[in-house]
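Here's the structure, in structure tokens; my notes come after.
As a basis for the values below, the full set of heavy atoms in this structure was taken, side chains included, without hydrogen atoms, waters or symmetry mates. Sequential numbering from 1 along the given sequence is applied to the chain's residues.
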Amino acid sequence: MRLVLASASPARLSVLRGAGVEPIVQVSGVDEDALTEALGPSASPETVVTELARAKAAAVAETFMDSTHDLVIVGCDSMLSIGGELHGKPHSVEVARERWQSMAGNSGELLTGHAVLRVTAGVVVAQAAAHSSTVVHFATPSSMDLEAYLASGEPLAVAGAFTLDGLGGWFVDRIEGDPSSVIGIGLPLVRTLLNRVGTSLAELWGRSSS
């Protein structure tokens, strides 16, 4: 049994490695903005992140159609819900600065969708998906510290314009929920989803991506 991570996120890769799993990394290439738009404004935040995770896992599964291995493919997507709005990656300093103006001294809900597909001989034989939710309480960084953080580039490519395990951790006062899901992949939920598709951690621990 091999685990495939359908994500380019170094944070997610680090979480899995720290938890004893060396995954194969295969980026999905899913257009997140286009899929979110296709889901429509009536889709709940929980639905958006879960469907994005499902789409990423499904896209990567297609690349293993000729594989003879027994695989589990894990897709994830995270967004921050704050002030009634759902935020993904800001991509620019200007957008990240605006996000932090509403986040500073406030609390937000970090939602992470998870999808697990079990693939045998190139065929998806089982799948499960769900989301996790963690409340994040943000500090109020000084103007100098915030500008330095924005200049680092870190908040531009991460959901909610912050990290828990990087420079952004300085500006998180506390969280209510699973820390690993804030980093990007919730181990408790992934464990549950693995069980639903008939896979155990014992099958994954110690496996190499070579």
Could you grab the distance from atom [atom1] of [X] to atom [atom2] of [Y], nearest 0.5 Å is fine?
{"X": "Thr120", "Y": "Leu71", "atom1": "OG1", "atom2": "CG", "result": "8.0 Å"}
{"X": "Leu5", "Y": "Leu16", "atom1": "CG", "atom2": "CG", "result": "5.5 Å"}
{"X": "Ser14", "Y": "Ile183", "atom1": "OG", "atom2": "CD1", "result": "7.5 Å"}
{"X": "Leu110", "Y": "Ser133", "atom1": "CG", "atom2": "OG", "result": "8.0 Å"}
{"X": "Ile175", "Y": "Ser107", "atom1": "CD1", "atom2": "OG", "result": "12.0 Å"}
{"X": "Leu52", "Y": "Thr112", "atom1": "CG", "atom2": "OG1", "result": "11.5 Å"}

Would you check if the side chain of [X] reaches a backbone N or O of [Y] as a donor-acceptor pair within less than 3.5 Å?
{"X": "Trp100", "Y": "Ala161", "answer": "yes"}
{"X": "Thr140", "Y": "Gly105", "answer": "yes"}
{"X": "Asn106", "Y": "Ser102", "answer": "yes"}
{"X": "Thr192", "Y": "Pro188", "answer": "yes"}
{"X": "Lys56", "Y": "Cys76", "answer": "yes"}
{"X": "Thr50", "Y": "Thr47", "answer": "no"}

Which atom pair, heavy atoms only, marks the closest approach of [X] to [Y]?
{"X": "Ser28", "Y": "Ala59", "result": "O-CB, 4.1 Å"}
{"X": "Asp165", "Y": "Ala11", "result": "OD2-CB, 3.7 Å"}
{"X": "Glu51", "Y": "Leu35", "result": "O-CD2, 4.0 Å"}
{"X": "Ala128", "Y": "Val197", "result": "N-CG1, 3.9 Å"}

Result of checking [options] against [X] for side-chain contact (heavy atoms from CB on, under 4.5 Å):
{"X": "Gln127", "options": "Arg196, Arg118, Arg54", "answer": "Arg54"}
{"X": "Ser78", "options": "Arg12, His131, His114", "answer": "Arg12"}
{"X": "Leu111", "options": "Pro45, Ser44, Ser132", "answer": "Pro45"}

[Y] side chain reached by [X] side chain, heavy atoms, under 4.5 Å:
{"X": "Val15", "Y": "Leu187", "result": "yes"}
{"X": "His87", "Y": "Arg99", "result": "yes"}
{"X": "Val119", "Y": "Val123", "result": "no"}
{"X": "His137", "Y": "Val172", "result": "no"}
{"X": "Val48", "Y": "Met79", "result": "yes"}
{"X": "Met1", "Y": "Leu204", "result": "yes"}

Are there over 12 heavy-atom neighbours, none belonging to His69, within less than 6.0 Å of that residue's NE2?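 No.
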Between Thr36 and Asp33, does any side-chain donor sit less than 3.5 Å from a side-chain acceptor? no
Could you go through Leu189 and Asp178, starting from their C-alpha distance and side-chain angles, then the distance that decides it, and tell me whether this counts as side chain to side chain contact (heavy atoms under 4.5 Å, CB included)? CA-CA 9 Å; Leu189 182 52; Asp178 170 28; over 6 Å; no
Determine whether Asp70 and Arg2 satisfy the following criterion, salt bridge (Lys or Arg N to Asp or Glu O under 4.0 Å), listing intermediate values before the conclusion. CA-CA 6 Å; Asp70 198 7; Arg2 306 289 300 282; over 6 Å; no
Could you check Thr163 against Glu154 for side-chain hydrogen bond (donor to acceptor under 3.5 Å, both in side chains), going step by step and ending with a plain yes or no? CA-CA 8 Å; Thr163 63; Glu154 180 187 89; 2.8 Å; yes
CA sep, side-chain torsions, deciding dist, call: Trp170, Tyr149, ring pair (Phe, Tyr, Trp, His ring centres under 6.0 Å): CA-CA 10 Å; Trp170 290 100; Tyr149 183 45; over 10 Å; no
Would you please test Val74 and Val4 for side chain to side chain contact (heavy atoms under 4.5 Å, CB included) and show each step? CA-CA 6 Å; Val74 180; Val4 179; over 6 Å; no
Check: Phe138 ring centroid to Phe171 ring centroid under 6.0 Å: no
